[in-house]
Amino acid sequence: MLQEHIIELSIENEYAKTTSLEHRKKFAQFFTPFPIANLMVKWVLGNSDLKSVLEPALGLGIFSRILLSYRTDIKIKAFEVDDIIFNNAKDIFCNTDSIAIFLENYIYSDWESKYDGIICNPPYFKFHDYDNKNIIKEIEIRTSCKLNGFTNLYTLFLIKSIYQLEKNGRCAYIVPSEFLNSDYGKLVKDFLIKSKVLRHIIVINFEENVFDDALTTACIIFCANDNLTDEVCFTNIHSLQDLSKIDEIIANYSLSASNENKYKITELNPEIKWKSYYQKQNKTIFKNIVPFSMYAKVVRGIATGSNEYFTFNSSKAEQFSISKEFLLPCICRAVDAKNAFFTIQDFEELQKNDKYVFLFNAQNAHNSAVMDYIKKGEAEDIHKKFLTANRKPWYALEKRLPAPIWVSVFNRTGLRFVRNEANISNLTSYHCIYPNQNHLFSQINIDLLFAYLLTNTAKIILKDNSREYGNGLEKFEPNDINKGMMLNLGILDEKTISQILELYNTYRLLILDNKQGDEIVEMIDKIMIEKFTL
Ligand SMILES: C[S@@+](CC[C@H](N)C(=O)[O-])C[C@H]1O[C@@H](n2cnc3c(N)ncnc32)[C@H](O)[C@@H]1O
């Protein structure tokens with residue numbers, strides 16, 4: 001029977017109340033909710049030979065607390081790097097010798113030991129927030145697993161733990177599902193497949209975040225170092241009630257669950273986004289689907305290295321006497337282009353309202369005000385920042401032609417495309433879309449491409465390739481779109497194209513006149529659906 005205090009999570013709540021968010025973020029201290037921790041413990045307990053257990057990122061030890069409430073005859077070894085939480089944990093477990101806690105970095109410790117059970121909610125750190133060079137090297141040397149430098153720390157914990165699994169050992173991890181669909185995740189997925197221990201991936205997509213303050217969607221990974229099955233199941237969890245599905249999975253292991261998302265481990269392809277294994281794919285509804293890259297290329301917007309220094313509004317230009325010839329018109333914030341069309345008038349309006357719509361563009365300038373502003377940048381160490389330090393001269397802007405179409409990077413309600421009629425540059429809140437200039441697709445059809453991109457059909461097909469950040473927030477990297485799919489507009493006959501372009505022009509005029517145009521886009525979409533539905 002579980003004791004009340006374990007279930008309440010009062011220990012974690014108390015710690016969160018008395019410790020600054022800054023400190024918790026520094027160590028990635030987000031705690032596992034009890035119902036999930038309990039299920040993960042049950043998976044590990046499924047190893048009937050369970051004697052030794054590892055907790056690589058202890059925190060306040062929710063997993064160990066639950067484990068010890070079920071079983072006292074096991075030995076747990078735990079690691080933690082923050083001495084504050086470590087001391088708290090020491091106090092919590094002061095009455096038991098079933099757990100040994102070490103104030104050490106898990107990645108560099110204990111490589112020789114193997115465990116019957118490993119259970120973890122690892123720290124989430126992007127590659128630039130931990131010592132990625134040395135840590136990746138350590139993992140590569142020890143496990144012979146080749147890794148991508150952009151790898152997030154949580155996947156390295158997972159790889160090390162799999163390496164440390166004893167025969168018949170069980171491992172349960174809760175991690176952000178990001179790696180399943182990101183580029184850096186490919187090599188991690190490859191490792192999971194080759195290790196042959198992957199059994200279940202339970203994708204949690206609650207309406208609310210599992211972790212209060214972490215903007216991520218999580219997944220639970222169950223591994224078993226046995227030969228009982230060669231199948232991997234993917235299960236979607238949308239609510240707390242759905243958690244009973246996991247209970248069933250655990251209780252029935254290794255009987256084949258009545259799970260429709262089931263694959264032989266050898267069938268899994270590390271190169272593709274694994275959302276295609278657990279989510280209905282929109283592209284399968286349509287015929288004549290082609291890679292997006294056949295028609296256009298997506299590139300990220302200009303990264304300055306210091307927007308505060310490089311961006312200008314008219315008052316700042318006046319203050320530093322920088323004349324317009326040294327300022328590049330540029331959309332700096334996504335909200336500054338609200339509509340589907342961004343015109344010269346929109347740009348002038350922003351300029352008039354003193355919005356930041358220029359970039360300092362000083363290369364080859366000999367003007368004294370410009371030189372003074374460059375010196376000011378050097379006095380403020382702008383030239384030593386990550387991006388500027390690698391440029392020659394440090395204040396040179398990245399070379400990007402203005403793109404005829406922009407697409408927003410973060411989206412809550414589907415991708416938002418903007419036709420850049422003002423022909424100005426853009427920072428990274430938008431990606432640039434450059435239609436291919438080849439015989440397949442000529443300049444004139446940029447409008448046809450844009451008309452298509454406005455439709456729901458274009459968005460749902462591209463959604464297959466998005467990364468979800470939880471809470472309905474989707475992010476698209478340029479390659480998510482480049483590697484996404486679209487309808488093959490090239491098969492449309494002249495008559496249909498004219499029909500679409502006519503609707504498109506009507507839509508454009510409505511939007512420029514500040515009127516609603518949704519119905520027109522729906523008509524364009526209807527034409528597409530008619531032509532392309534299977
Ligand atoms: C996401 S929290 C999870 C805590 C707890 N296991 C839970 O599930 O509620 C991760 C914990 O790992 C610790 N940590 C961060 N980096 C670590 C490392 N390299 N080695 C060991 N522990 C680490 C953090 O201080 C934090 O307490």
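Residues take their numbers from the sequence shown, with the count starting at 1.
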Describe, in one word, how the ring planes of [X] and [Y] are oriented to each other, choosing from parallel (under 30°), tilted (30 to 60°) and perpendicular (over 60°).
X	Y	value
W394	Y309	tilted
F360	Y395	tilted
F31	Y15	perpendicular

Please find the pair of heavy atoms, one from [X] and one from [Y], that lie closest to each other, and give the distance.
X	Y	answer
I511	A340	CG2-N, 4.4 Å
P123	L153	CG-CD2, 3.9 Å
L510	I520	CD1-CG1, 3.8 Å
A334	R416	O-NH2, 3.4 Å
S408	L415	O-CD2, 4.0 Å
F125	K26	CZ-O, 3.1 Å

Can [X] and [Y] be counted as an ion pair, charged N to O under 4.0 angstrom?
X	Y	result
E398	R391	yes
E380	K376	yes
D513	K515	yes
D480	K273	yes
D129	K25	no

What do you reckon, is [atom1] of [X] surrounded by more than 12 foreign heavy atoms closer than 6.0 Å?
X	atom1	value
E502	CD	no
H366	NE2	no
K355	NZ	no
F150	CZ	no
Q319	CD	yes
E378	CD	yes

Donor-acceptor check, side chain of [X] to backbone of [Y], threshold 3.5 angstrom: yes or no?
X	Y	value
T388	I382	yes
N132	G149	yes
N205	N236	no
Y295	G490	yes
R419	P404	yes
D190	L187	no
K316	T311	yes
E140	K146	no

- Cationic tip of K160 within the cone over Y106's six-membered ring, i.e. under 6.0 Å and within 45° of the normal?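 Satisfied, under 6.0 Å and within 45°.
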Look up atom [atom1] in [X] and atom [atom2] in [Y], then write down how far apart they are to the nearest 0.5 Å.
X	Y	atom1	atom2	value
I201	L268	CD1	CG	7.5 Å
L359	I331	CG	CD1	11.0 Å
N288	I491	CG	CD1	4.0 Å
L147	I135	CG	CD1	12.0 Å
E522	N456	CD	CG	8.5 Å
I374	Q363	CD1	CD	9.5 Å

- Query: Do M528 and I500 pass the side-chain contact (heavy atoms from CB on, under 4.5 Å) test, and can you show the C-alpha distance, the side-chain angles, and the key distance before you say yes or no?
  - Reply: CA-CA 9 Å; M528 299 288 180; I500 293 172; 3.7 Å; yes
- Could you list the residues that satisfy salt bridge (Lys or Arg N to Asp or Glu O under 4.0 Å) with R142, not counting sequence neighbours?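 For R142 the salt bridge (Lys or Arg N to Asp or Glu O under 4.0 Å) partners, ignoring immediate neighbours, are E112, E138.
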- Message: Between F312 and Y373, is the ring centroid distance below 6.0 Å?
- Response: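 Yes: the rings meet the under 6.0 Å criterion.
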- Message: Between K297 and N482, is the side-chain contact (heavy atoms from CB on, under 4.5 Å) condition met? List the steps.
- Response: CA-CA 6 Å; K297 186 172 166 66; N482 284 325; 4.3 Å; yes
Do [X] and [Y] meet the criterion of a side-chain donor-acceptor pair at a distance under 3.5 Å?
X	Y	value
T151	N148	no
D525	T457	yes
Y130	N152	no

- I would like to know whether Y277 and L180 meet side-chain contact (heavy atoms from CB on, under 4.5 Å); could you show each step before the answer? CA-CA 10 Å; Y277 296 132; L180 298 173; over 6 Å; no
- Under the ring pair (Phe, Tyr, Trp, His ring centres under 6.0 Å) rule, what pairs show up with a residue in residues 482-506, not counting sequence neighbours?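 Sorted result for residues 482-506: F341-Y504.
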- Pairwise ring pair (Phe, Tyr, Trp, His ring centres under 6.0 Å) hits with a residue in residues 412-437, at least two apart: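 Output for this query lists W406-Y430.
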